[in-house]
Amino acid sequence: MSTLLCVNTFLMFLIVSAVRGCHPGCHCEVESFGLFSSFSFTKVDCSGAGPDVAPVPIPLDTSFLDLSSNSIRTVTDSMLTGPGYTTLTSLDLSANLISEINDKAFSKLRYLESLDLSHNSLEKLTSGCFSGLPLAEVDLSNNRLQELRLDVFMAKGHKRPVSVDVSNNRVTMVSRNPQMSPPNLHSLTLAGNQLYSVPRLHGIPVQYLNLDRNPISSIQKDSFAELKDLVHLSLNSLPQLTAIQPHSFRDLSNLQVLNLSNNTGLTSLSPEVFLGLASLQELDLSNSGVNSLPNNILSHLPSLRRITLRENVNCWRTKKQEQFHRHIEQTNSDEVLTCDATGIFL
Ligand SMILES: *[C@@H]1O[C@H](CO)[C@@H](O)[C@H](O)[C@H]1NC(C)=O
Ligand SMILES: *[C@@H]1O[C@H](CO)[C@@H](O)[C@H](O)[C@H]1NC(C)=O
C-alpha cells in the first residue's frame, strides 16, 4: 500500500526533457521522476535512422535503446559497446535484416533485461551469445530459426559440471548445477520460425511461451518437461500438428491459459493430454480440427472456466440441474460443461 502511494507521488513529478548531444537521426528523452527528480532514465530512439546509425554513441544513463527498422545485417562485437551501453536494460533490434550475431556482440550489456530481435533473418544463434545477461524477456519471433538450444544463454565452452557417484559399485554421473539455465527468463517468444519440434527448455523459469506458426508436427510426452512456472502457453497455427501425446502437459501445474487455436490438423485429444493441468482456466480450441471433447474432461481440469471450441462457441463449467440422489454424488460430478451452441458433443 505504501509503495503504491509512493509510486503515485513520484509520477506526479515525472518530467520529460530533451537531451543534449543526442546523435543526429535519433531522438533522446530523459524521464525524471521522484521527489526533486531523484530518478531518471534516458530513452534513445534511433529507429529508421538507416544502417549506418550503428554503432551509435548514447548518453551515459541510457536505459532504452531502439535500433529497429535500420536494415542492420550483422550485430558486430563493437556495435553495442561504449559508455551508456553498460546501463541498458532494454534493446530493440526488431525489423532489421539481421542474419548474424557475433559471439561477443551483447557481452557488455550487463543489465539487459529485455531484448527484441523479432522480424529479422536469423537462422541460428551461436552458443553463449546471450550468456551472462540478466534477460527476462526475449522476442525472437519471425526469424528462420530451426532450433533454439539452451546453451545460447550459457557461457561458451562451459561444460556442465558433474560429479561421479560410485556408491553401490555403480558409476553414475550426477549433474551438479541446475543454475546453468538463465535464471530470470520469464517470457520467450519464438512464433513464426522454422522449429520442427518444441525446443528443450527444461528447468527454465519461463512463464510465458509462444511457439505459434512453426512447423511443429507433434507434441511429445517430455516436450514441456519441468516447465513448472509456465502460466501462458501459446501453440496456435501449427499447420503440421496432428497429435499431442498423452501426458504432454503433465508438469505444467501452474498453466492458466493454453491456446491451441487454428490447429486444423489436430482432430482429436485424449483425456490424458490434460493430465496435470491443475490450474488451467482457459483452453482455446477455436478453428482447430477438434470438434468434440472427452466427456470426463472436467475431472482432469479442476480450475477450468472456459473452453472456446469454435469461433463464437464457448463452453463454461456449470452446475447440473436438480438431480436425484444428489447426496451420494462425488464432489465435482455435478458439474458439466455448458456451451452456448447446440449440437456440441461432450
Ligand atoms: C491459421 O493458420 C494458417 C496456417 O496453417 C495461417 O495461414 C492463418 O493465417 C492462420 N489464421 C489465423 C487467424 O491465425
Ligand atoms: C489464442 O490466440 C489467438 C490468435 O493469436 C487469439 O485471437 C485468441 O484470443 C487467443 N485465445 C486466448 C484464450 O488467449
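For the numbers below, each heavy atom of this structure counts, side chains included, while hydrogens, waters and symmetry mates do not. Note that this is a predicted model, so its numbers are computed, not measured. One-based numbering, in listed order, for ligands and for the atoms of each.
Near S261, meaning under 4.0 Å from one of its heavy atoms, ligand 2 places the atoms 1 (C), 2 (O), 3 (C). Annotation for ligand 2: atoms under 4.0 Å from non-hydrogen atoms of N259 are 1 (C), 2 (O), 3 (C), 8 (C), 10 (C), 11 (N), 12 (C), 14 (O). Annotation for ligand 1: atoms under 4.0 Å from non-hydrogen atoms of S237 are 1 (C), 2 (O), 10 (C), 14 (O). For ligand 2, the atoms sitting less than 4.0 Å from at least one non-hydrogen atom of E282 are 13 (C), numbered in the order shown with element in parentheses.
Between the side chains of Q194 and Q146, not a single donor N or O lies within less than 3.5 Å of an accepting N or O.
Counting only heavy atoms of the protein, atom 5 (O) of ligand 2 lies nearest to N236 ND2, 3.8 Å. Given atom 8 (C) of ligand 1, the protein heavy atom at minimum distance is N262 ND2, 3.7 Å.
Nearest to atom 9 (O) of ligand 2 by heavy-atom distance, out of D284, D212, L283, L258, is D284.
The closest side-chain heavy-atom distance from L67 to V56 is below 4.5 Å.
In this structure, R306 pairs ionically with E282, as a charged nitrogen and a carboxylate oxygen lie closer than 4.0 Å.
Taken to the nearest 0.5 Å, the CG atom of D139 stands 8.0 Å off from the OG atom of S94. Interatomic distance, L266 CG to S218 OG, rounded to the nearest 0.5 Å: 11.0 Å.
Judged by distance alone, with hydrogens and angles left aside, the side-chain atoms of D251 form no donor-acceptor pair with the main-chain N or O of A225 at under 3.5 Å.
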